Amino acid sequence: MSNILTSRKQDYAQWYNDLILKGGLAEHSDVRGCMVIKPYGFALWENMRDVLDKMFKDTGHQNAYFPLFIPKSYLSKEASHVEGFAKECAVVTHYRLKNDPNGNGVIVDPEAKLEEELIVRPTSETIIWSTYKKWIQSYRDLPLLINQWANVVRWEMRTRLFLRTAEFLWQEGHTAHATREEAIEETVKMLDVYATFVEEYMALPVIRGVKSPSERFAGAEDTYCIEALMQDGKALQAGTSHFLGQNFAKAFDVKFADKDNKIEHVWATSWGVSTRLIGALVMAHSDDEGLVLPPRIAPLQVVIVPIYNKDAEARQKIDDKAKALVKELQLKGIRAKFDNDDTTRPGWKFAEYELRGVPVRIALGARDLENNVAEVARRDEKTKSSVSLDGIESHIAQLLTDIQTNLYNKALAFRTENMRTVDSWDEFVRVLDETPGFVSAHWDGTAETEAKIKELTKATIRCIPLNNVQENGKCILTGNPSTQRVLFARAY
RNA sequence: CGGGGAGUAGCGCAGGCCGGUAGCGCAUCUGGUUUGGGACCAGGGGGUCGCAGGUUCGAAUCCUGUCUCCCCGACCA
């Protein structure tokens, strides 16, 4: 029974699927490409959401909500935007069903065709900017700093649980500013919020950077991103922040009067992270025994497993101690649970909580009580130690901090190890195949070269790191002059 | 959209070639013994075999059609 997961080595993709399904995070729904997020997975999302929401509010943003449906014509108002999203939009064409006259359930009522078809939002720029037009007249209405938590739909050809699903949950920030500089500042600020969140809460180091033009968001002037490295050496874009220039302001005619009563288009940004972060989290830290969750966002941080025996009196003592301990841990703000379910035995619980990635497990039996100790096991290193019950709460609190740090350090060490600098095409190809990870190399800056490299190696430019060192070199593929290195990787 | 796989009990699967009482493991329910790494014994319950046609005395099994999901590729957060 112990080998219920496919190992990473055996089949990384299958391992990931097993983890999501058996770890109780999500499952496939009856609708193709859509998933059901189960309570444990949703608890993870809620924790992420709560932290991010506070960070957004602390940086001056307010939440609002815009419709799920967008008039089809809105999408086409910004040329590159429609081009980017048109291929993956779900479209609502009718508003009513009726009983099939032939008796085969219900059919779409042909009489109920919509005058203008609606698309299910793949992102909300268009509906939001058509609204902002009404909200913004003067420089005094700026900056406008709005975020929304929502679901969006992108009709993907190929989906993977959390990493790419047809419907997903996310937040999208949409801001309007009086000046270009201020909008860029906002773009970078929110990228920084994402980076801080992912590094400090998810214990996952990221690289902040700018996308190459061909990887840009449809309608943006610049797309900033944070990129993380997964255990199989593939990169994953964990968040994006876009400087939209005046593209949407012009498309939707959003203008304001500045202090000199001059009429100008506003400057815009948008930024988002999604439930994809859960996929990143899973792939970054977990192992062949199951999930490994960083304490700061783990739904459950500590579980106490009782080890009973026949002695009813001893059992009572264990219960009393465990309940008192849970209470004390909770007083310290620790998410703790006493699992006294008597229908499963200790060994089963050990395996189950390991599968679910609970950071700390405390086992408490009669023998421990006699010695005034508990067995404390940490999920990240799979080590156990005997800890005195006196002041154990402080020990656990410290341990959770240590685990958080350890996970980050391990992920950072892994990324450092798998970040390679190469200067020749042969080496580039060899490194990608033999030791996947980020590859820092010179690129001549043309979309043609970028596309050719992708075609030949499946590697894409993940980003041009912020504050990138400028150095002269030769493009890895063409040998043309280059002024800086960019980061390549195969990516999710 | 191409290539592969799969739909049989809640879950995982066998059975199919060769048509004849629908089976196994896990889970579940009852009772008991247990409890320091996925316990054991005994007894019980649970299935329109994806759907629709056809062949046949008889179809999970053969034939035709159809739907769905998953995996691998091209597109993408």
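Residue numbers start from 1 in every chain, and the chains themselves are labelled A, B, ... in the order their sequence lines are given, proteins ahead of strands. Treat the numbers as computed from the prediction; the structure is a model and nothing was measured.
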A:Ser76: which residues meet the side chain to side chain contact (heavy atoms under 4.5 Å, CB included) condition with it, sequence neighbours left out? A:Val82
CH2 of A:Trp155: more than 12 outside heavy atoms within 6.0 angstrom? no
Tell me, which of residues 74-85 of chain A have any heavy atom that sits under 4.0 Å from an atom in RNA chain B? none
Please name all residues satisfying salt bridge (Lys or Arg N to Asp or Glu O under 4.0 Å) with A:Arg8, sequence neighbours left out, ordered by chain then number. A:Asp288
Any residue of residues 360-393 of chain A with a heavy atom less than 4.0 Å from an atom of RNA chain B: A:Arg361, A:Ala363, A:Gly365, A:Ala366, A:Arg367, A:Asp368, A:Glu375, A:Lys384
Check side chain to side chain donor-acceptor pair (under 3.5 Å) between A:Thr223 and all other residues, then give those that pass, not counting sequence neighbours. A:His242
Could you work out, with side chain to side chain contact (heavy atoms under 4.5 Å, CB included) as the rule, every residue matching A:Asn418, not counting sequence neighbours? A:Leu229, A:Phe414, A:Arg420
Can you list every salt bridge (Lys or Arg N to Asp or Glu O under 4.0 Å) pair that touches residues 120-131 of chain A, not counting sequence neighbours? none
Of all residues at least two apart in sequence or in a different chain, which pass the salt bridge (Lys or Arg N to Asp or Glu O under 4.0 Å) check with A:Lys54? A:Asp58
For RNA chain B, what are the stems built from at least three Watson-Crick or G-U pairs in a row, each pair having both distances below 3.5 Å? B:1-7 with B:67-73, B:10-13 with B:23-26, B:28-33 with B:39-44, B:50-54 with B:62-66
Base, sugar-phosphate, or nothing for A:Gly33, non-hydrogen atoms under 4.0 angstrom? sugar-phosphate
Check side chain to side chain donor-acceptor pair (under 3.5 Å) between A:Glu185 and all other residues, then give those that pass, not counting sequence neighbours. none
Can you run down the salt bridge (Lys or Arg N to Asp or Glu O under 4.0 Å) pairs that involve residues 315-324 of chain A, sequence neighbours left out, and say none if there aren't any? A:Arg315-A:Asp342
Checking A:Arg378 now: which residues fulfil side chain to side chain donor-acceptor pair (under 3.5 Å) with it, not counting sequence neighbours? A:Asp380
